Amino acid sequence: MRKTQKLNLHVSPHRAVSAVRLMRIEMGGAFADLLNEKGKGSGDNEMGYVERTLGFRTKNLDDRDLRLVTDIVGGTIRWRRYLDYLIGSLCHDDKAFRSMEPLLLQILRIGFYEIVKLDMPSYAVVDENVRLAKVSLRPGAGNMVNGILRKLVLLKESNSLPLPKLEGDDRAQARALAILYSHPVWMVRRWTKHLGQEKAIKLMMWNNDDPSFSLRANSGKGVTRADLVMQFNMLKVPHELSSHLDHFVRVKTGLQSIIQAGLLKQGLCAVQDESAGLIVSVVNPQPGDSIVDCCAAPGGKTLYMASQMHGQGMLYAIDINKGRLRILKETAKLHQVDGVITTIPSDLRTFAESCQLKSDKVLLDAPCSGLGVLSKVVVYQLICLKILVALNFDNTKDV
Ligand SMILES: C[S@@+](CC[C@H](N)C(=O)[O-])C[C@H]1O[C@@H](n2cnc3c(N)ncnc32)[C@H](O)[C@@H]1O
């Protein structure tokens with residue numbers, strides 16, 4: 001039994017958990033999407049991380065807290081460049097910002113995001129984040145958060161946030177846009193070159209907008225889209241049908257109700273982006289196919305492909321990350337498609353040299369820039385260095 005003196009009931013749980021998740025993402029390379037899955041990043045497990053990082057537990061998150069954590073963690077990552085510019089501008093000097101300890105920086109990012117982007121009541125944001133800094137770090141850290149957040153509130157109220165002006169040559173303008181719309185400079189330059197400034201700005205705004213979600217009815221378990229729609233109607237979740245894919249339904253709000261009703265836990269449906277679904281429709285899996293999925297975990301596409309094979313054929317799911325592959329395996333069982341999936345924990349580069357696998361189709365969904373899903377998989381904005389290759393070799397015989 002945990003000692004109750006480690007339980008701090010005065011700190012707001014959503015801010016403590018958000019700060020810890022941001023630390024885990026930035027320092028430990030955790031995936032924001034996986035932290036969001038109930039049972040993995042939340043509950044007792046989550047509080048274990050909170051205690052190890054902050055030195056105390058908070059009360060458990062209720063549904064509202066959990067929604068706030070998702071909003072704040074996602075938003076803080078999406079707007080990081082913008083927030084850091086503001087924080088840096090309000091610090092004494094550049095060195096104070098550059099050498100700031102990571103937890104203090106996360107607390108400030110949360111406070112800035114809540115004030116500037118979520119328009120939360122500033123007195124509450126200041127008080128709560130100051131308290132978090134005091135108890136998780138030291139009184140001096142609380143004073144610093146107090147000073148900087150109060151400066152921000154005054155500047156916001158007088159409509160004079162210290163943001164860069166869009167002036168100078170192309171390079172200078174790209175740097176300013178990168179801050180204003182919180183995107184990497186190289187991406188701004190590329191998009192401005194190919195689309196012009198106006199369209200590039202629209203694209204960046206779309207990327208950083210609140211995400212909407214698609215859910216896929218799991219035909220592997222015999223669930224149709226009509227079944228899913230019936231459930232959403234019962235739960236009063238607003239939705240629309242995908243115009244591209246037969247198994248997909250779009251929702252903007254109400255994901256928590258869907259989670260609480262247990263539709264995901266029971267494997268009746270999966271959260272899956274339509275862009276991922278479209279890749280699967282290119283592969284066009286058929287019953288009896290032999291398919292190699294080269295970078296398979298956590299398995300969104302593998303599971304969708306498997307659900308279309310109606311128990312016949314074999315899908316070889318290769319991934320270098322054993323933990324993520326384990327998630328794939330567990331979800332495949334839940335979705336009742338494990339009979340057509342063989343998981344292979346391996347580095348594709350060495351596996352490909354010695355493998356004797358024959359297959360009809362190959363999907364290579366390598367670690368990517370994530371440019372197409374920036375608005376949803378926010379952690380990609382931290383990576384943005386890799387290449388997406390999704391290939392389908394119909395009639396390929398040798399991998
Ligand atoms: C973009 S994700 C794949 C997403 C997956 N296709 C899905 O739909 O859920 C890329 C995956 O590539 C894996 N990976 C990275 N390098 C690899 C390598 N050398 N060999 C095998 N897998 C690798 C990562 O562990 C990661 O799970």
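Both ligands and their constituent atoms are indexed starting at 1 by order of listing. Both backbone and side-chain heavy atoms feed into the values below; hydrogens, waters and symmetry mates do not. Nothing here was measured: the structure is a model prediction, and the numbers come from that model.
Side-chain contact of Ser242 with Glu274: a donor-acceptor pair under 3.5 Å is present, judged by distance alone.
Only the side chain of Arg324 comes within contact range of ligand 1, with a heavy atom under 4.0 Å; no backbone atom does. At a heavy-atom distance under 4.0 Å, no atom of Ala276 approaches ligand 1.
For the side-chain contact (heavy atoms from CB on, under 4.5 Å) test, residues two or more places apart in sequence or in another chain that qualify with Leu9 are Leu7, Lys59.
A salt bridge does not link Asp169 with Arg171: none of the charged nitrogens is closer than 4.0 Å to a carboxylate oxygen.
Near Ala366, meaning under 4.0 Å from one of its heavy atoms, ligand 1 places the atoms 1 (C). Ligand-side atoms of ligand 1 in range of Ala296: 5 (C), 6 (N), 7 (C), 9 (O), range being under 4.0 angstrom from any heavy atom. Atoms of ligand 1 found under 4.0 Å from any heavy atom of Gly299, numbered from 1 in the order shown, are 7 (C), 9 (O). Atom numbering of ligand 1 starts at 1 in the shown order; those under 4.0 Å from a heavy atom of Leu348 are 18 (C), 19 (N), 20 (N), 21 (C). Heavy-atom proximity to Arg349, at under 4.0 Å, picks out these atoms of ligand 1: 19 (N).
Between Cys295 and ligand 1, a contact under 3.5 Å exists for at least one N or O pair. Of the polar atoms of Asp293, none of the N or O atoms is found under 3.5 Å from an N or O of ligand 1, judged by distance alone.
Proximity of the aromatic rings of Phe351 and Tyr316 is defined here by a centroid distance below 6.0 angstrom, and this criterion is not met. Ring centroid separation for the pair Tyr304 and His247 comes in under the 6.0 Å cut-off.
Residue Gly300 holds the heavy atom nearest to atom 7 (C) of ligand 1 of all those in Cys294, Gly323, Gly300. When the options Ala352, Ala297, Ser346, Pro345 are ranked by their closest heavy atom to atom 4 (C) of ligand 1, first place goes to Ala297. Nearest-heavy-atom check against atom 27 (O) of ligand 1 across Asp319, Asp347, Ile344 picks out Asp319.
For Arg109 and Phe112, the positive end is not near the middle of the six-membered ring at less than 6.0 Å and at most 45° from its axis. Relative to the six-membered ring of Tyr82, Lys117 meets both conditions, a distance below 6.0 Å and an angle of at most 45° to the axis.
Within the structure, the salt bridge (charged side-chain N to carboxylate O under 4.0 Å, His left out) test picks out the following pairs touching residues 287-301 (sequence neighbours left out): Asp289-Lys361, Lys301-Asp365.
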